[in-house]
Protein chains: 2
Amino acid sequence: MAFSYAPPKQDRREAGQAMGQATYREIKDEVRDKVRGGVWRPGHELPTEHEIAAQYGCARATVNRALRELAEEGLLERKRKSGTRVRASPLRQARFDIPLVRGEIEALGEPYRYRLLERAETQAPGWLCARMGLAAPVQVLHLRCLHHAGDTPYQVEDRWINLVTLPRARDVDFTKLGPNEWLIGAIPFTDVDISFSATAADARLAQELSCAVGDPLFQGERSTWLEAAPVTYVRMVFRRGHRMTTRY
Amino acid sequence: MAFSYAPPKQDRREAGQAMGQATYREIKDEVRDKVRGGVWRPGHELPTEHEIAAQYGCARATVNRALRELAEEGLLERKRKSGTRVRASPLRQARFDIPLVRGEIEALGEPYRYRLLERAETQAPGWLCARMGLAAPVQVLHLRCLHHAGDTPYQVEDRWINLVTLPRARDVDFTKLGPNEWLIGAIPFTDVDISFSATAADARLAQELSCAVGDPLFQGERSTWLEAAPVTYVRMVFRRGHRMTTRY
DNA sequence: GCCATCTATTTGCCTAGACATAAGATCGGC
DNA sequence: GCCGATCTTATGTCTAGGCAAATAGATGGC
């Protein structure tokens with residue numbers, strides 16, 4: 001056999017797991033190390049769950065959990081009968097935390113401040129209908145808000161709420177509470193669509209975010225539905241230089 | 001009891017699971033539906049694993065897997081002794097697939113074309129040292145590549161490879177094979193840092209991506225390390241209007 | 001009233017064994 | 001030699017039971 005695992009049977013309790021650490025986690029870590037460290041190259045075939053279980057002196061279910069999770073993370077590929085192998089191209093996916101603006105700003109150590117810039121009730125414009133999959137224009141509540149980190153503007157929230165599915169939004173005072181935070185408690189959703197892109201600052205954005213007209217800005221857009229019924233669309237434009245980051 | 005689950009005990013086999021579907025998946029789906037459908041609002045406390053298991057007539061381990069995975073997805077919050085509740089703010093995180101450019105373009109139904117624009121061996125500039133955590137400048141291979149979707153430019157790849165950790169990159173012919181694809185097979189990594197932001201097209205980018213100078217462009221940056229040793233840094237600038245999207 | 005300790009409960013993880021399902025491998029028949 | 005039917009094997013999931021660890025809430029001492 002081309003490799004050997006660490007803990008031999010002796011060192012563990014007879015029943016239960018104990019020994020201070022979760023075993024599936026040990027297995028996960030060791031397999032991950034082998035892959036990341038290049039001991040097992042992409043395409044390499046791992047021993048079967050039975051074999052690994054025997055080597056660790058643990059139950060197959062434990063090995064199964066470790067390998068299943070690693071496959072879930074995109075590191076391994078599993079197929080019945082053919083076995084488990086290291087994915088040809090790892091790094092399939094990245095996870096980003098999408099925090100509430102409030103939390104994001106407070107995590108920076110800055111005091112969070114919020115301001116409602118605009119509030120209007122109108123018919124949904126064409127582009128919004130297209131984006132939400134609306135056949136006919138409906139009545140919507142349009143809010144424009146500014147989120148500050150300390151004294152500097154951090155994000156402009158351009159929010160559209162469908163008043164047909166959520167008529168009680170009409171009666172909410174959004175001068176204190178951001179629509180984002182209200183919506184979370186107000187309505188559930190079943191489908192979400194998020195996308196990120198770059199945009200140029202127009203005159204209004206430039207003024208609101210204290211940057212120059214034409215500056216490149218990072219923006220996110222999110223649409224949510226409740227069982228095919230459009231609930232809300234939001235465009236979040238971040239201050240100049242913002243980056244969305246993840247590390248692992 | 002305030003709710004009731006679907007399948008009563010009778011309908012299932014005596015031992016094993018069978019019945020065509022995975023039970024943990026049924027539980028997951030039903031819990032998810034309850035949360036997304038608003039039956040269980042944010043903050044709601046769900047029954048204990050024991051209770052749910054009793055209602056479904058299944059083992060606690062099965063319920064545990066369902067709830068554990070939902071917690072992992074960010075829908076639930078679990079704490080020993082206090083139980084499981086619906087997360088106050090769902091939608092904590094989004095997963096984006098980070099495909100290879102080639103795959104991304106081919107998924108669009110366009111033929112993939114690749115071109116090496118520039119190749120040079122130099123000392124790592126200051127900003128790169130800072131980004132990779134290098135104390136002293138090292139010898140690096142700098143590549144600039146263009147990925148086409150059909151006839152239109154799709155992405156500029158600005159790649160820097162550390163020749164100290166990866167000296168054999170010197171001997172690779174990058175005119176045919178993109179550095180990205182070569183690196184995957186050439187070296188593993190232990191740490192990755194990804195970030196996305198907006199940038200403005202300078203004269204060179206404008207020419208390469210057929211856009212106007214100053215146009216806002218979406219860009220991603222990725223640094224990878226192998227046990228503290230910097231391996232490579234890449235800046236990927238996408239054509240005008242590119243969006244990174246996910247749906248669930 | 002307040003603080004430290006104890007207890008009960010809930011999730012977390014494990015074992016050992018079983019059946020289900022997919023799919024590679026092999027064997028026959030032609 | 002080719003093709004379908006059968007066998008075999010690895011993963012997928014479940015059961016039933018158990019110990020471990022965290023912690024909310026009760027209890028007791030001062």
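Residue numbers start from 1 in every chain, and the chains themselves are labelled A, B, ... in the order their sequence lines are given, proteins ahead of strands. Just so we're clear, the structure is a prediction, and the values are computed from it rather than from any experiment.
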Visitor: When the distance from CD of Glu72(A) to P of dT11(D) is rounded to whole Å, what number comes out?
Guide: 17 Å
Visitor: So does Arg78(B) get a side-chain nitrogen or oxygen closer than 4.0 Å to the phosphate oxygens (OP1/OP2) of dG12(C)?
Guide: yes
Visitor: Given the structure, check if the side chain of Arg80(B) and the base of dT10(C) hold any donor-acceptor pair shorter than 3.5 Å.
Guide: no
Visitor: I'd like to know if Asp171(B) and Arg168(B) make a salt bridge, using a cut-off of under 4.0 Å between side-chain N and carboxylate O.
Guide: no
Visitor: Whole angstrom is fine here: how far is it from CG in Leu76(A) over to C1' in dG12(D)?
Guide: 16 Å
Visitor: Nearest-nucleotide wise, let me know which of Ala61(A) and Gly83(A) is further upstream toward the 5' end of DNA chain D.
Guide: Gly83(A)
Visitor: Do we see a donor-acceptor contact under 3.5 Å between the side chains of Glu26(B) and Tyr56(B)?
Guide: no
Visitor: Ignoring hydrogens and angles, state whether a donor on the side chain of Glu69(B) or Tyr24(B) is under 3.5 Å from an acceptor on the partner side chain.
Guide: no
Visitor: At under 4.0 Å, does any side-chain N or O of Asn64(B) touch on OP1 or OP2 of dT11(C)?
Guide: no
Visitor: Quick one: does Trp225(B)'s side chain get under 4.5 Å of Asp193(B)'s, heavy atoms only?
Guide: yes
Visitor: Using the side-chain hydrogen bond (donor to acceptor under 3.5 Å, both in side chains) definition, which of the options Arg102(B), His147(B), Glu106(B) pairs with Tyr112(B)?
Guide: His147(B)
Visitor: Among dT15(C), dC14(D), dC13(C), which nucleotide sits nearest the side chain of Arg65(A)?
Guide: dC13(C)
Visitor: On the nucleotide dA10(D), are OP1 or OP2 found under 4.0 Å from the side-chain N or O atoms that Ser82(A) carries?
Guide: no
Visitor: Measure the distance from CG on Leu67(B) to P on dT11(C) and round it to the nearest whole Å.
Guide: 8 Å
Visitor: Enumerate all atom pairs, one protein N or O and one N or O from nucleotides 6-8 of chain D, separated by less than 3.5 Å.
Guide:
none

Visitor: To the closest 0.5 Å, what do you measure between CZ (Arg222(B)) and OH (Tyr233(B))?
Guide: 11.5 Å
Visitor: Can you confirm whether Asp173(B) is buried at CG, in the sense that more than 12 heavy atoms of other residues, nucleotides or ligands lie under 6.0 Å from that atom?
Guide: yes
Visitor: Using a cut-off of strictly less than 4.0 Å, decide whether Thr62(B) has a side-chain nitrogen or oxygen near OP1 or OP2 of dT15(D).
Guide: yes
Visitor: Consider the side chain of Tyr24(B), meaning its heavy atoms from C-beta on, and name the nucleotide among dT11(C), dT13(D), dT15(D) that approaches it most closely.
Guide: dT13(D)
Visitor: Is Arg60(A) touching bases, backbone alone, or none of the nucleic acid, heavy atoms closer than 4.0 Å?
Guide: base
